[in-house]
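Notes for the one structure printed next.
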Amino acid sequence: MSVIIKPIVTEKMTQNSEKFNRFGFQVRPEANKLEIKAAVEALYNVTVVDVNTSNVHGKAKSRYTKSGVISGHTAIYKKAIVTLKEGDTIDFYSNI
């Protein structure tokens with residue numbers, strides 16, 4: 001099973017990729033930095049310089065409906081920010 005679940009494509013991550021050549025991925029919670037580095041290098045054929053990880057905790061959410069208040073939270077996931085070698089890049093939109 002793959003270590004990388006999906007890329008994080010947000011406005012903030014797009015700015016990081018353009019300025020600092022850093023890309024974000026949602027990864028499996030038990031993955032370590034060495035596994036993430038090997039997976040990105042194999043999948044995208046790039047050279048990874050650095051990997052930073054963080055566990056993102058879910059936010060509490062609530063909404064009001066006819067039947068009352070529904071409360072819950074968003075999912076917990078692990079995020080990896082990968083810095084690539086100067087000159088390398090990843091194009092997430094090439095398969096569209």
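Predicted, not measured: the structure shown is a model, and the values here were computed from it. In this chain, numbering begins with 1 at the start of the sequence shown.
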- Write down the atom of T65, the atom of I70, and the distance for their closest heavy-atom approach. CG2-CD1, 3.7 Å
- Cluster companions of V69 among Ile, Leu, Val, Met, Phe, Trp, Tyr (side-chain spacing under 4.5 Å): Y64
- Query: Just by modelled atom types, is the N32 backbone N or O under 3.5 Å from a matching donor or acceptor in the E35 side chain?
  - Reply: yes
- Note on the structure: What one should report as the nearest heavy-atom pair of V3 and A31 is CG1-CB, 3.3 Å
- Step through the shown structure and confirm whether more than 12 heavy atoms of other residues, nucleotides or ligands are within 6.0 Å of CG on D91. yes
- Task: Can you measure from CZ (F92) to CZ (F23) and round to the nearest 0.5 angstrom?
- Result: 6.0 Å
- Query: Quick one: CD1 on I4 to OH on Y44, what's the gap to the nearest 0.5 Å?
  - Reply: 6.0 Å
- Item | Separation between OG1 of T53 and CD1 of I36, rounded to the nearest 0.5 Å | 6.0 Å
- Show your reasoning for whether side-chain contact (heavy atoms from CB on, under 4.5 Å) applies to E86 and V49. CA-CA 9 Å; E86 198 66 37; V49 176; over 6 Å; no
- Atom pair CD1/OG of I90 and S17 - distance to nearest 0.5 Å: 9.5 Å
- Message: So, taking the atom named CG in N16 and the one named CD in E18, what distance separates them when rounded to the nearest 0.5 Å?
- Response: 9.5 Å
- State yes or no: do V82 and L43 share one hydrophobic cluster built from I, L, V, M, F, W and Y residues joined by side-chain heavy-atom distances below 4.5 Å, directly or via other members? yes
- Note: K61 and T74 closest approach over all heavy atoms is CE-CG2, 3.7 Å
- Query: Which atom names give the shortest non-hydrogen contact between R28 and K78, and what distance separates them?
  - Reply: O-CD, 3.8 Å
- K79 atom NZ, neighbour heavy-atom count above 12 within 6.0 Å: no
- With distance as the sole test, does D50 use its side chain to make a donor-acceptor pair with the main-chain N or O of T83 at under 3.5 Å? no
- Item | Within 6.0 Å of CD in E30, more than 12 heavy atoms from elsewhere | yes
- Nearest 0.5 Å please: distance from the OG1 atom of T14 over to the NZ atom of K12. 12.0 Å
- Y93/V9 under side-chain contact (heavy atoms from CB on, under 4.5 Å): CA gap, chis, key distance, verdict: CA-CA 10 Å; Y93 302 109; V9 183; 2.8 Å; yes
- Query: Does the pair I76 and N55 meet the rule for a side-chain contact (heavy atoms from CB on, under 4.5 Å), with working shown?
  - Reply: CA-CA 7 Å; I76 299 169; N55 291 316; 5.7 Å; no
- Exercise: identify the closest heavy-atom pair between T89 and N21: CA-OD1, 4.4 Å
- Item | Exam field: side chain E41 to backbone V48, donor-acceptor pair closer than 3.5 Å | yes
- So which heavy atom on P7 is nearest to which on F25, and how close? CA-CD2, 3.8 Å
- Shared hydrophobic cluster, Y77 / I5 (ILVMFWY, side-chain heavy atoms < 4.5 Å): no
